[in-house]
Amino acid sequence: MHLLILGGTTEARRLAELLDGVPGLTVTSSLAGRVAGPRPLPGAVRVGGFGGAEGLSAWLREHAVDALVDATHPFAGAIGHHAARAAADTGVPLLAVRRPGWTPVPGDRWHEAGSLAEAAALLPGLGRRVFLTTGRTGLAAFADLTGPWFLVRSVDPPEPPYPPRMEVLLDRGPFTLDGERELLRRHRVDVVVTKDSGGAATAPKLTAAREAGLPVIVVRRPPPPEGVPAVPDPRSAARWVAERLAQGHSPEP
């Protein structure tokens, strides 16, 4: 049985680790290639896009893929919809791994935005020293804001266009609560901007912001493709794969 994992997330990595060495199962992890130095993964790894839903369909057929797991980031864009179309086109079973989103708790000062552009429009009324944690690829939405100062945290250096008053912090999660408290204090941050990525790796910034009484602009997730079954964690996805393996494929001798 050949499984393709659309990855690039902590969940995708964990799923590949859980399935490593399972008899009768070949795992290929696909990465978009947006991070310059991804951490090593067990199993086979391919890097780069497929060329839309049609390209993914062709790849599934060419490599005799028996099951597909979409474990991409909640804000990965079109890949989830491409996976749904390719699965329908080829008949390959598809499962999505969707980590639960964040929910506000008492004391949070959240301002929801439907897009990065909407978040940028909200900023001038909320603060002037911005901790921007929406990823390096979306900085163009903030490039016209000349008043605020931005602290941008990303894994790789951003490319223009980006805000004129900006400091870049190259770092990779998970992050600690003490570290996030110190970061907000040291840089005198007065507003935080984040996507609703969910998960625990970057959640401490929300706690630190709540403790400091800071407003947080939270960009809502785009809607997922309809009709795709989803689970919240890698273990549930691993069980789904194991069930398919047991039902339709026998381990190799």
Side-chain angles (χ1 to χ4, degrees), residues 1-20 22 24-35 38-39 41-101 114-116 134-135 137-138 155 195-199 201 219-245 247-249:
M1 174 176 170
H2 186 189
L3 170 71
L4 175 64
I5 301 173
L6 304 177
T9 61
T10 302
E11 289 81 6
R13 171 178 300 281
R14 181 58 180 150
L15 178 59
E17 292 170 348
L18 288 170
L19 297 175
D20 187 33
V22 172
L25 180 64
T26 298
V27 177
T28 300
S29 295
S30 177
L31 306 178
R34 293 177 180 172
V35 176
R39 294 169 179 169
L41 281 164
V45 177
R46 69 169 300 280
V47 179
F50 291 95
E54 293 78 10
L56 178 54
S57 295
W59 201 94
L60 295 176
R61 292 191 179 100
E62 179 183 353
H63 295 84
V65 173
D66 300 292
L68 176 62
V69 172
D70 173 15
T72 55
H73 193 275
F75 286 84
I79 185 61
H81 294 274
H82 291 167
R85 287 174 53 195
D89 181 44
T90 60
V92 173
L94 168 65
L95 180 75
V97 181
R98 292 287 177 259
R99 68 181 77 151
S115 65
L116 291 175
T134 56
T137 59
V155 176
K195 294 176 178 177
D196 180 16
S197 300
V219 181
R220 294 189 299 270
R221 296 180 178 188
E226 295 183 2
V228 176
V231 294
D233 55 67
R235 286 199 173 277
S236 299
R239 286 194 293 269
W240 179 84
V241 173
E243 289 168 1
R244 299 209 63 83
L245 182 61
Q247 290 169 1
H249 300 266

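Numbers here simply count residues along the sequence, with the first being 1.
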salt_bridge(Arg14, Glu17) N-O dist < 4.0 Å | yes

Taking atom CG of Leu95 and atom CD of Glu243, what is their separation to the nearest 0.5 Å?
-> 10.0 Å

Does Met1 reach the side chain of Val241, with side-chain heavy atoms less than 4.5 Å apart?
-> yes

So, Arg220 side chain and Pro223 main chain: donor-acceptor pair closer than 3.5 Å or not?
-> no

Minimum heavy-atom separation for Ala84 to Val228, with atom names?
-> CB-CG2, 3.8 Å

Going from CD on Glu11 to CG on Asp233, what distance comes out if it is rounded to the nearest 0.5 angstrom?
-> 8.5 Å

Which atom pairs, one a donor and one an acceptor, fall under 3.5 Å between side chains of residues 3-10 and the rest of the protein, sequence neighbours left out?
unit_1 : atom_1 : unit_2 : atom_2 : d
Thr9   : OG1    : Ala12  : N      : 3.1
Thr9   : OG1    : Ala71  : O      : 2.6

Donor-acceptor contact below 3.5 Å, side chain Arg235 vs main chain Ala237 = no

On a heavy-atom basis, the closest approach of Leu94 and Ala87 is CB-CB, 3.7 Å

By salt bridge (Lys or Arg N to Asp or Glu O under 4.0 Å), Arg61 pairs with (sequence neighbours left out) Asp89

Could you pull out the closest heavy-atom pair between Leu41 and Ser29, with the gap in Å?
-> CD1-CB, 3.9 Å

Evaluate the side chain to side chain donor-acceptor pair (under 3.5 Å) criterion for residues Thr28 and His63: first the C-alpha distance (whole Å), next the side-chain angles of each, then the deciding distance (0.1 Å), finally the verdict.
-> CA-CA 10 Å; Thr28 300; His63 295 84; over 6 Å; no

To the nearest 0.5 angstrom, please state how far the CG atom of Asp66 sits from the NE2 atom of His2.
-> 8.0 Å

Find the distance between CG (Leu60) and OG1 (Thr90) and round it off to the nearest 0.5 Å.
-> 5.0 Å

Check Ala67 against Arg244 and note the closest heavy-atom contact, atom names and distance.
-> CB-CD, 4.5 Å

Aromatic rings Phe50 and Trp59: how do their planes relate, parallel, tilted or perpendicular, breaks at 30° and 60°?
-> perpendicular

Is the backbone N or O of Pro232 less than 3.5 Å from a side-chain atom of Ser236, with the two atoms forming a donor-acceptor pair by type?
-> no

OG on Ser30 to CD1 on Ile79, rounded to 0.5 Å = 7.0 Å

Does any N or O in the side chain of Arg221 come within less than 3.5 Å of the main-chain N or O of Ser197, such that one atom is a donor and the other an acceptor?
-> yes

So which heavy atom on Ala53 is nearest to which on Ala86, and how close?
-> O-CB, 3.8 Å

Would you say Asp20's side chain and Pro42's backbone share a donor-acceptor pair under 3.5 angstrom?
-> no

Backbone of Val219 reached by a side-chain donor or acceptor of Lys195 within 3.5 Å = no

Gap between atom CZ of Phe75 and atom CG of Leu116 - 0.5 Å precision | 8.0 Å

Take Leu25 and Leu19, measure what side chain to side chain contact (heavy atoms under 4.5 Å, CB included) needs, and give me the verdict at the end.
-> CA-CA 8 Å; Leu25 180 64; Leu19 297 175; 3.9 Å; yes

Are the charged groups of Glu54 and Arg85 less than 4.0 angstrom apart, N to O?
-> yes

